[in-house]
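All remarks here apply to the structure that follows.
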Amino acid sequence: MNKGIKFITVIFLVILLIPLNVRASTDINLNCTAEVMVGNNFSCDIEMKIDQKIFGVISSYKYDKVFSYNKTIIGNNWEAISGSSNGFTLVNVEGVEQDDKLVTVQFLVSNDAVPGNTYSINLNNIQVSDGNNDITINDKENKIKVLSINEVVDNINVNGEALEVKDGVTNYTVVVPYEVTDVDILATLKSDKYQFTKDKSPGKVSNLKVGDNVFELEIVSGDHSLVNYEININRLTEKKSNNISNKVEEKVTNPSTGGIGKISIIIIGCVLIGSLGIIIYFVQKGKKVK
């Protein structure tokens with residue numbers, strides 16, 4: 001009897017310890033870049049978690065007006081019946097039965113966005129089809145914060161001269177004389193959570209050609225791009241560089257230059273004319289006396 005009870009207990013414990021292979025119900029996830037910056041693009045990945053074969057997906061977007069729709073990139077396993085600023089309709093005639101990315105939607109942060117504020121993107125009216133039934137899925141929402149440049153960048157300078165970086169401005173031009181052939185672009189960020197990409201990071205720009213020399217900086221947060229800067233180093237021609245030098249020199253030296261000015265000439269002229277009149281007066285008076 002004791003052996004029987006012991007055997008049953010062991011079997012019961014074994015059953016409890018066997019991991020159950022339970023699959024979650026079909027769902028759609030919306031994953032957008034959490035932090036963005038004015039004037040830059042960002043993306044939202046829309047992914048499906050599947051527990052059955054799915055043949056079609058439909059959904060609509062709703063987003064704040066500070067975001068403008070850019071484009072939709074369709075996942076590899078789907079064909080688009082539609083894909084626009086309003087939403088998407090996807091089909092796969094053979095069905096998809098594994099977790100999959102449906103689309104990537106790209107948006108632009110307009111200049112109307114206020115740095116420091118948080119805005120929303122929603123995925124609404126979501127339905128999937130298993131070939132027989134339409135399955136309704138709850139709406140999804142992501143909150144997105146618009147960062148100020150002052151929250152991300154500590155400073156950017158070219159050859160020791162600081163750039164006056166502003167929210168929404170991503171193109172800057174720095175003019176250097178003809179004699180300058182190399183410049184150092186240095187930059188520091190506010191936090192370790194922000195980084196420069198390997199190919200677009202601060203450094204030395206050598207062998208500048210006359211005219212425009214475009215240098216790029218890209219700041220990322222995790223695997224999301226926050227902002228791309230284009231810094232144009234404009235190297236002057238030798239002639240223009242000399243002209244600028246002469247103008248500066250003139251501004252400095254003119255105030256200390258000697259010589260007679262126009263006002264002085266007028267005053268002297270008036271004095272001479274007055275003196276001549278007096279002389280004529282006395283000469284005429286002398287004649288009358290005689």
Side-chain angles (χ1 to χ4, degrees), residues 18-113 117-147 197 199 218-228:
I18 294 175
L20 298 178
N21 185 20
V22 179
R23 302 188 70 183
S25 59
T26 298
D27 199 7
I28 303 292
N29 294 320
L30 173 65
N31 300 307
C32 298
T33 305
E35 297 177 328
V36 298
M37 296 181 70
V38 173
N40 289 275
N41 291 308
F42 71 96
S43 61
C44 295
D45 291 330
I46 300 173
E47 300 171 331
M48 181 168 61
K49 189 174 181 61
I50 297 177
D51 69 345
Q52 63 202 96
K53 186 177 284 191
I54 298 297
F55 293 86
V57 185
I58 185 170
S59 181
S60 60
Y61 308 133
K62 182 182 177 183
Y63 44 89
D64 287 323
K65 292 181 179 179
V66 298
F67 301 136
S68 59
Y69 170 82
N70 190 352
K71 64 180 178 179
T72 298
I73 302 170
I74 307 300
N76 294 331
N77 294 321
W78 299 92
E79 292 184 16
I81 302 300
S82 68
S84 67
S85 60
N86 297 318
F88 60 87
T89 301
L90 308 178
V91 296
N92 184 312
V93 294
E94 296 180 355
V96 175
E97 41 189 343
Q98 61 183 7
D99 295 353
D100 193 31
K101 181 186 287 187
L102 300 173
V103 300
T104 296
V105 193
Q106 291 186 353
F107 296 92
L108 173 71
V109 185
S110 74
N111 289 327
D112 294 331
N117 284 4
T118 299
Y119 300 95
S120 298
I121 290 183
N122 296 75
L123 203 58
N124 298 334
N125 307 313
I126 310 168
Q127 287 191 328
V128 301
S129 174
D130 63 4
N132 296 310
N133 301 296
D134 291 336
I135 304 165
T136 300
I137 295 175
N138 292 334
D139 294 347
K140 307 296 179 181
E141 180 182 38
N142 269 194
K143 295 288 188 181
I144 300 170
K145 182 182 178 182
V146 178
L147 296 174
T197 58
D199 297 331
E218 182 180 21
I219 302 172
V220 296
S221 176
D223 58 351
H224 297 295
S225 177
L226 276 179
V227 59
N228 282 277

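This one's a predicted model, so the numbers in the text were calculated from it and none came from an experiment. Sequential numbering from 1 along the given sequence is applied to the chain's residues. We use all heavy atoms of the structure for the numbers below, so side chains are in, but hydrogens, waters and symmetry mates are not.
Summarising the geometry, atom CD1 belonging to I46 is positioned 8.5 Å from atom CD1 belonging to I28; distances are rounded to the nearest 0.5 Å. Between the CG atom in N77 and the CD atom in E97 there is a gap of 11.0 Å [rounded to 0.5 Å]. The structure places CG of D139 at 4.0 Å from CG of N124, a figure rounded to the nearest 0.5 Å. Within the model, atoms CG of L108 and OH of Y69 stand 13.5 Å from one another, a figure rounded to the nearest 0.5 Å. Atom CG of N70 sits about 11.0 Å away from atom OG of S85, to the nearest 0.5 Å. Taking NE2 of H224 as the start and CG of D45 as the end, the distance is 7.0 Å to the nearest 0.5 Å.
Within the 4.5 Å cutoff, the side chain of I144 has no heavy atoms near those of the Y63 side chain. Residues C44 and L30 have side chains in contact (heavy-atom distance under 4.5 Å, counting atoms from C-beta outward). The side-chain heavy atoms of V66 and S110, taken from C-beta on, include a pair separated by under 4.5 Å. Using a 4.5 Å heavy-atom threshold, the side chains of V146 and N117 count as separate.
Taking the six-membered ring where tryptophan is involved, the planes of Y61 and F88 are tilted, since the angle between them lies from 30° to 60°. The aromatic rings of Y119 and F67 lie perpendicular to each other, with more than 60° between the two planes, well past the 30° mark.
Listed for the D64 side chain is a donor-acceptor partner under 3.5 Å among the backbone atoms of S120. A distance-only check finds no donor-acceptor pair linking the side chain of T33 to the backbone of E35 [under 3.5 Å]. No donor-acceptor pair closer than 3.5 Å links the side chain of N29 to the backbone N or O of K49.
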Could you please spell out the steps behind the side chain to side chain contact (heavy atoms under 4.5 Å, CB included) verdict for D100 and W78? CA-CA 10 Å; D100 193 31; W78 299 92; 2.7 Å; yes
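Taking all atoms of both residues into account, the shortest heavy-atom contact from S60 to N125 is OG-ND2, 2.9 Å. The shortest heavy-atom contact between M37 and V109 is O-CB, 3.4 Å. A pairwise comparison of heavy atoms in T104 and S43 identifies CG2-CB, 3.8 Å as the closest pair. In this structure, V128 and M48 approach most closely via the heavy-atom pair CG1-SD, 4.3 Å. Residues I126 and L123 come closest through the heavy atom pair CD1-O, 3.7 Å. Between K140 and I137, the shortest heavy-atom contact is CE-CG2, 4.2 Å.
Summarising the local packing, CD of E79 is surrounded by 12 or fewer heavy atoms from other residues, nucleotides or ligands at distances under 6.0 Å. Under a cut-off of 6.0 angstrom, the local environment of CG in N138 is sparse, with at most 12 non-hydrogen atoms contributed by other residues, nucleotides or ligands.
Using modelled atom types, one finds a donor on one side chain and an acceptor on the other under 3.5 Å when comparing D51 with T26.
Scanning for salt bridge (Lys or Arg N to Asp or Glu O under 4.0 Å) contacts around K71 gives an empty result, with sequence neighbours left out.
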